[in-house]
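Per chain, numbering begins at 1; letters A, B, ... match sequence-line order. Note that these values count all heavy atoms, side chains included, but never hydrogens, waters or copies made by symmetry. Worth saying up front: this structure is predicted, and the values here are computed from it rather than measured.
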Amino acid sequence: MTDSVVTRFAPSPTGFLHIGGARTALFNWLYAKKHGGRMLLRIEDTDRERSTEPAIAAILDGMKWLGLDWDGDVVYQFTRAGRHREVAESLLAAGKAYRCYATSEELTAMREKARAEGRTRLYDGLWRDRDPKQAPEGIKPTIRLKAPLSGETVIEDQVQGRVVWQNENLDDLVLLRGDGNPTYMLAVVVDDHDMGVTHVIRGDDHLINAARQKQIYDALGWDIPSMSHIPLIHGPDGSKLSKRHGALGVDAYRSLGYLPAALRNYLVRLGWSHGDQEIFSTREMIDAFDLQGIGRSAARFDFAKLENLNGHYIRHAGDAELVTMFEDVLDHVPDRSSLKAKLNDTTRAQLLQAMPSLKERAKTLIELIDSAYFIFADRPLEVEPKAAALLTPENRALIGRLKAALEPVSPWTAETTEAAMRAFADAGGLKLGAVAQPLRVALTGRTTSPGIFDVLAVLGREECLARLGDQTPA
RNA sequence: GCUCCCUUCGUCUAGCGGUUAGGACGUCGCCCUCUCAAGGCUGAAACAGGGGUUCAAUUCCCCUAGGGAGCGCCA
């Protein structure tokens with residue numbers, strides 16, 4: 001049976017792929033992969049007003065970047081409107097639905113009245129049993145489901161457990177709008193059914209919709225798929241995730257220098273766990289993923305943990321791979337075009353050589369870019385204020401003497417320059433640090449950098465001596 | 001207001017009646033050290049509150065409080 005699993009990710013294209021959607025997609029993807037099934041992608045664009053092409057593009061792009069591929073063609077829900085209409089009509093013919101001629105004013109009044117009386121059943125069934133002959137002129141009717149008035153509707157949710165609603169709290173939802181277009185509620189049910197979806201995994205903001213959809217499934221005589229409603233992701237302060245926090249599109253995470261693998265790992269552990277394991281390769285994630293491991297409470301988004309994970313993935317990435325990522329991310333961050341122009345075979349080789357040292361200190365690709373600054377810097381170096389403070393007359397003189405000491409070094413490697421420097425320090429009765437810091441400033445313009453011997457080796461003899469010369473009194 | 005969901009260190013979480021309540025991030029201190037990281041070792045840090053059930057509750061039930069979601073001819 002494991003080969004029959006079909007999951008789906010069904011975003012509405014009204015904005016970018018946000019972090020919560022990304023996690024939902026990931027969970028669906030993992031579940032399908034784990035069971036050798038398929039994950040379908042359906043764009044819920046029945047709201048013609050708010051659906052946009054750029055949003056669709058952003059969603060597809062975001063999923064590709066995250067490495068979440070889907071099976072088959074993307075299904076655009078709006079193209080299936082005819083089928084949705086057909087199903088609504090069949091329900092009408094079967095007496096399981098009816099036309100409702102209520103005006104929006106009447107509806108508003110009903111809602112206010114219901115709320116005032118503390119009821120949840122907002123639509124009072126005004127046209128449920130009324131003769132359509134009484135229909136007013138000029139009103140395009142909606143088609144509403146004739147939902148059960150009593151009894152209960154039960155969802156056996158794989159995450160939330162058994163959730164029960166009293167039917168008197170559920171009203172007759174609209175299946176078809178006055179303009180003949182389907183509502184989300186109808187479209188989802190029909191599409192999931194027609195697409196053969198076996199497992200619905202989505203945010204728990206849909207939990208109540210599951211009950212309403214169950215009523216549609218029942219009216220149609222269809223089986224409802226397995227339901228899993230996963231808790232939402234909140235901002236660091238526990239409130240709803242806003243743009244201020246992490247409700248950024250996944251493209252923003254790319255621009256921030258996060259690796260897809262790191263984001264996947266962070267996301268999978270947000271709301272799901274597998275014992276004490278924190279780091280998961282994609283393979284391990286697929287093998288370990290299960291619905292039982294999903295928690296029921298909302299999780300807060302924590303950038304610090306994401307950064308830590310990202311650092312881990314950077315440290316463990318291949319050097320050549322990182323050079324490629326370094327270049328690729330430049331296209332997604334502002335003000336890096338000058339850096340891009342400086343990429344050539346020489347600087348690429350330097351970058352590759354420096355990578356073992358660079359990646360040890362970077363939590364994001366942005367930090368990686370920043371710490372590689374010394375490779376691309378033009379002479380004379382721009383010196384940070386904090387670093388400039390170290391360029392005292394004494395230290396400048398020291399740099400001059402050091403330059404002289406390094407000049408004869410050959411070949412020029414991290415090992416040989418280190419030996420020369422240690423000898424220089426010993427001879428002067430200085431601690432290595434007393435020499436290394438001024439040297440670092442002269443070479444990088446900063447007080448922090450990769451190991452100074454790595455910097456020496458990467459920059460090469462000529463460039464190093466020139467930079468030292470720049471800081472030596474004439 | 002109504003319906004539904006949730007509640008273990010600051011954060012993500014393990015726990016599925018009996019544990020010194022574990023791990024991870026962050027944080028504190030120490031070690032390493034040419035800076036910054038990384039790494040190693042330590043420390044502080046949690047079962048929301050109240051009732052039950054039970055020989056025994058973080059674990060099961062109820063209530064309260066707090067948080068969240070939903071209440072559209074949006075999805």
Side-chain angles (χ1 to χ4, degrees), chain A residues 10-14 44-47 49-51 77 100 102 104 107-108 111 114-123 140-144 155 157 159-161 163-166 169-171 173-179 181-185 187-188 203-209 211 229 231-232 234 236 238-240 266 269-279 295-309 311-312 315 357-363 367 371 387 418 421-422 425 431-437 439-441 444 446-453 455:
Chain A
S12 61
T14 54
E44 313 235 306
D45 56 353
T46 52
D47 183 348
E49 302 288 297
R50 302 200 299 158
S51 299
Q77 191 160 60
C100 169
S104 60
L107 259 14
T108 305
R111 266 179 224 123
R115 279 188 208 198
E117 292 170 7
R119 284 182 292 114
T120 299
R121 177 182 278 272
L122 270 9
Y123 176 74
K140 288 198 167 147
T142 59
I143 294 181
R144 283 182 188 269
I155 294 293
D157 195 276
V159 172
Q160 306 289 339
V163 187
V164 181
W165 287 266
Q166 297 306 311
N169 289 323
L170 268 14
D171 62 8
L173 63 275
V174 174
L175 297 170
L176 216 58
R177 301 185 234 260
D179 65 3
N181 284 322
T183 59
Y184 160 79
M185 221 58 83
V188 171
D204 73 6
D205 49 336
H206 284 292
L207 185 55
I208 293 175
N209 290 339
H229 288 88
L232 267 18
H234 288 173
S239 65
K240 191 174 176 178
Y266 177 70
R269 280 285 292 103
L270 200 57
W272 175 82
S273 61
H274 185 67
D276 283 340
Q277 190 172 350
E278 299 284 348
I279 305 290
R296 274 132 305 183
S297 56
R300 299 184 188 202
F301 196 89
D302 182 7
F303 270 101
K305 190 149 189 176
L306 206 211
E307 284 215 334
N308 172 274
L309 226 30
H312 175 271
R315 287 195 295 282
S357 184
L358 290 173
K359 72 182 180 188
E360 206 62 37
R361 302 151 224 265
K363 291 198 290 289
E367 287 184 11
S371 63
E418 173 167 4
M421 264 191 65
R422 285 191 187 277
K431 294 181 75 174
L432 190 57
V435 183
Q437 274 311 80
L439 176 62
R440 171 167 283 114
V441 172
T444 69
R446 301 183 177 182
T447 53
T448 63
S449 82
I452 198 64
F453 310 117
V455 173

4.5 Å side-chain heavy-atom contact, [X] and [Y]:
X	Y	value
A/Pro231	A/Ser297	no
A/Trp165	A/Leu207	yes
A/Leu432	A/Met421	yes

For the residue pair A/Phe303 and A/Phe301, does the interplanar ring angle fall in the parallel (under 30°), tilted (30 to 60°) or perpendicular (over 60°) class?
->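 If you compare the ring of A/Phe303 with that of A/Phe301, the planes turn out perpendicular.
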
Given [options], the nucleotide with the shortest approach to the side chain of [X]:
X	options	value
A/Arg315	B/A75, B/A38, B/C73	B/A38
A/Ala299	B/C36, B/U3, B/C12	B/C12
A/Glu44	B/C34, B/U35, B/A75	B/A75

Watson-Crick or G-U wobble partner of [N], both distances under 3.5 Å:
N	answer
B/C4	B/G68
B/C25	B/G10
B/U19	none
B/G39	B/C31

Rounded [atom1] spacing from [N] to [M] in Å:
N	M	atom1	value
B/C36	B/U27	P	15 Å
B/U13	B/G18	C1'	23 Å
B/U54	B/G68	P	37 Å
B/G23	B/A45	C1'	14 Å
B/G66	B/G50	C1'	15 Å
B/U20	B/C2	P	45 Å
B/A57	B/A14	P	23 Å
B/C47	B/G29	C1'	28 Å

Atom-pair distance ([atom1] on [X]; [atom2] on [N]), nearest Å:
X	N	atom1	atom2	answer
A/Arg361	B/C34	CZ	P	13 Å
A/Asp45	B/A75	CG	P	10 Å
A/Gln77	B/A75	CD	C1'	9 Å
A/Trp165	B/C2	CH2	P	18 Å
A/Leu107	B/G72	CG	C1'	9 Å
A/Arg300	B/G10	CZ	P	11 Å
A/Asp302	B/C9	CG	P	14 Å
A/Trp272	B/U13	CH2	C1'	12 Å

Ring centroid separation A/His206 to A/Tyr184 under 6.0 Å = yes

Tell me which of A/Pro450 and A/Cys100 sits closer to the 5' end of RNA chain B, going by the nucleotide each one is nearest to.
-> A/Pro450

If each of A/Ala362 and A/Val163 is mapped to the nucleotide of RNA chain B with the nearest heavy atom, which maps nearer the 5' terminus, i.e. the 5' end?
->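 Counting from the 5' end, the first nearest nucleotide belongs to A/Val163.
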
With sugar-phosphate meaning primed atoms plus P, OP1 and OP2, does [X] contact a base, only sugar-phosphate, or nothing at under 4.0 Å between heavy atoms?
X	value
A/Val435	nothing
A/Ala102	base
A/Glu360	base
A/Pro11	nothing
A/Arg144	sugar-phosphate
A/Ser297	sugar-phosphate
A/Gly178	base
A/Tyr266	nothing
A/Ser51	nothing
A/Gly451	base
A/Ile452	base

Which heavy atom of A/Thr444 sits nearest a heavy atom of A/Ser449, and at what distance?
->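 In this case the closest contact between A/Thr444 and A/Ser449 is CG2-CB, 3.9 Å.
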
Kindly give the heavy-atom pair with the smallest separation between A/Gln77 and A/Val188, and that separation in Å.
->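 Closest heavy-atom pair between A/Gln77 and A/Val188: NE2-N, 3.7 Å.
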
Between [X] and [Y] (side chain of the first, backbone of the second, donor and acceptor by atom type, cut-off under 3.5 Å), is there such a pair?
X	Y	result
A/Arg115	A/Gly118	no
A/Arg440	A/Pro450	yes
A/Thr183	A/Val174	yes
A/Tyr266	A/Asp302	yes
A/Gln277	A/Ile279	yes

Salt bridge (charged side-chain N to carboxylate O under 4.0 Å, His left out) evaluation trace for A/Glu367 with A/Arg361 | CA-CA 8 Å; A/Glu367 287 184 11; A/Arg361 302 151 224 265; over 6 Å; no

Using nucleotides 40-42 of chain B, report all nitrogen or oxygen pairs with the protein that are shorter than 3.5 Å.
none

B/C2 base to A/Arg119 side chain: any donor-acceptor pair below 3.5 Å?
-> no

Return yes if the base of B/C5 and the side-chain atoms of A/Arg296 contain a donor-acceptor N/O pair under 3.5 Å, otherwise no.
->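 Answer no: no donor N or O sits under 3.5 Å from an acceptor.
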
For A/Arg296, does the CZ atom sit with more than 12 other heavy atoms under 6.0 Å from it, leaving out its own atoms?
->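 Counting other residues, nucleotides and ligands, CZ of A/Arg296 stays at 12 neighbours or fewer.
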
Does a sphere of radius 6.0 Å around CD in A/Glu49 hold more than 12 heavy atoms from other residues, nucleotides or ligands, not counting ones at 6.0 Å or beyond?
->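 For A/Glu49, atom CD is not crowded (no more than 12 foreign heavy atoms under 6.0 Å).
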
In the 5'-to-3' direction, what one-character label does each nucleotide of nucleotides 16-24 of chain B receive under the scheme B = base within less than 4.0 Å of a protein heavy atom, S = sugar-phosphate only, - = no such atom?
-> ------BBB

Per-nt protein contacts along nucleotides 61-71 of chain B (heavy atom under 4.0 Å; B base, S backbone sugar-phosphate only, - none) come out as -------SSSS

Indicate whether OP1 or OP2 belonging to [N] is found under 4.0 Å from a side-chain N or O atom of [X].
X	N	answer
A/Ser371	B/C36	no
A/Ser273	B/A14	yes
A/Arg422	B/C34	yes

Single hit among A/Val159, A/Asn209, A/Asp204 for side chain to side chain contact (heavy atoms under 4.5 Å, CB included) with A/His229 = A/Asp204

